[in-house]
Amino acid sequence: MSNNDEKIRIFDTTLRDGEQTPGVSLTRENKLQIAKQLDRLGVDIIEAGFPITSKGEKESVKLITKEKLNAEICALARTSKKDIDEALDCNVDSIHTFIATSDLHLKHKLKIKREEALEKAVEAIEYCKSHGVIVEFSAEDATRSDISFLKEIFNAACDAGADRVDIPDTVGVITPEAMFKLVTEIKTVVNIPISLHCHDDFGLAVANTLAGINAGAKTAHVAVNGLGERAGNASLEEFVMSLYSLHRKKTNIKTQLIYETSKLISRITGIALPPNKAIVGDNAFGHESGIHTHGVLTMPMTYEPMAPELVGRRRWIQAGKHAGGHGISAQLKELGIDVSKNQLSDIVAKVKELGDKGKRLSDSDLSALARAVAGQTSLEEKIVKLQDFSIMTGLRMVPTASVRVTIDNKIFVASKTGVGPVDSAMKALQKATASFGEIMLNEYRLESITGGSDALAEVRIKVEDSEGVSASASAAGEDIVVASVEAMLDGINKVLIKRRNMDSKIPK
Ligand code: KIV
Ligand code: ZN
């Protein structure tokens, strides 16, 4: 293998630094589920947790090591025997031990001298090695540490038997140029692989990690969705995709699983992604403007730097004031609506008119508009038909919804509990249509159009199947549960109709 073919190793810290995201706290089951998904994704190292933190944290790490995944399972420990013993007790493959090296941390946090920090690091590494585990040593706040001391401690770490040294940019203050220089400098004193652990306080975590890799570091600490302390860590998806697409360097990541992993982690952690987040945000492969939709529909590379399928996604088009004929025509084809050339120009004109009034059109809005313009007044086609639903809720009971739908003239009944009547109804509908695979609810918005307790409310949703086929839908009414059920059902139908236009197995 030439140097450029050597794979960069992915040290995933979603379950450790990622869990330190303010407000995130994972159960043992959550952590195990995430670890299994990270393993499927192909990360090389899973930092499963910080066992000294709590009883539950230690149990989670134990549960993960018992699973015998392919990835190296690592636990975090300070340079104290107590921390290391807790980690060893979890049967991990490796220990990531750290001590701060900047004078700022030594003086104000640890209240020790440099020599003592060095001694503690050496002792900890030797102690770990005497128990036969792989050791990665981190010099916390490395990027604000005195370079000569950093070299001294890394040199001592190598002599003590460390397998890897890590350069953490703990508060995200380095720049790509400085990271390149720092790694080049550290390489002169260490003969073991160098890792990088960059935080995103200035939005530079991925750029800094890439720069360090280009200078010769071999492992990147990353977290899915960029989770982590404060502004987070370098995001796995951004790092892996830019490393591959822009620097032609490979990892063991199965990139097609990136999106489903991101979704799973967002759902479990409760940390929603901004729509414009690179790679995994809702809009990352969405197009509205006429010029762009025309471009991507003719030749995707015109406005897409990578194929959406490469990360497990699909392109989608939004109808709005910037729309053009090509995009609207493609959207209508997906929805199975045939219109003439003249009708298409009328539809585009109406879409622009509505867009000028600030309206964002869902697939159901576009479909209704197109059918009205084309004079298609017959009832809109539905693959899943709602027969009935009922919901029970109250102060002392778990909200429970039951739905009855027909698909291809067969009846499907499902019940689900939820946090409220809307949630249980959405989940019951998802269960009733599970034979089509999971259709996830990605977005739910409720807006009151009029005032009062009998106000007219509008529900707008976005759903997506596991293949990345998505649809937006809306419904209005005085009963928010009924409107939510109608919108969800319409969204599911729109996904199925779009899918049917790609796949003939969906019933007509
Ligand atoms: O950001 C940091 O310095 C850390 C250390 C534990 C490596 O997370
Ligand atoms: Zn960190």
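In this chain, residues are counted from 1 in sequence order. What you see is a predicted model; the values in this text were computed from it and never measured. All ligand and atom numbering here is 1-based and tracks the order in the structure.
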- Task: Apply side chain to side chain donor-acceptor pair (under 3.5 Å) to the pair H199 and D17, showing each step before the final yes or no.
- Result: CA-CA 10 Å; H199 278 273; D17 215 320; 3.2 Å; yes
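For L227 against T14, the heavy-atom pair with the smallest separation is CD1-CG2, 4.3 Å. Counting all heavy atoms, side chain and backbone alike, V463 lies closest to I439 at CB-CG2, 3.8 Å.
When side chains are defined from C-beta on, F436 does not count as touching I492, because their heavy atoms never get closer than 4.5 Å. Annotation: side chain of S266 is in contact with side chain of N225 (closest heavy-atom distance under 4.5 Å).
Not a single donor-acceptor pair under 3.5 Å links the side chain of T188 to the backbone N or O of T184. At least one donor-acceptor pair under 3.5 Å links the side chain of N208 to the backbone N or O of L204.
A distance limit of 4.0 angstrom between heavy atoms and ligand 1 selects the residues R16, D17, H96, F98, S138, E140, P168, T170, H197, H199.
A cation-pi contact, defined as under 6.0 Å to the ring centre and within 45° of the axis, links K462 to W316. Taking the ring axis of Y244 as reference, the NZ or CZ atom of K250 does not stay both within 45° of it and closer than 6.0 Å to the ring centre.
Distances under 2.8 Å from the Zn ion (ligand 2) pick out the protein N/O/S atoms D17 OD2, H197 NE2, H199 NE2.
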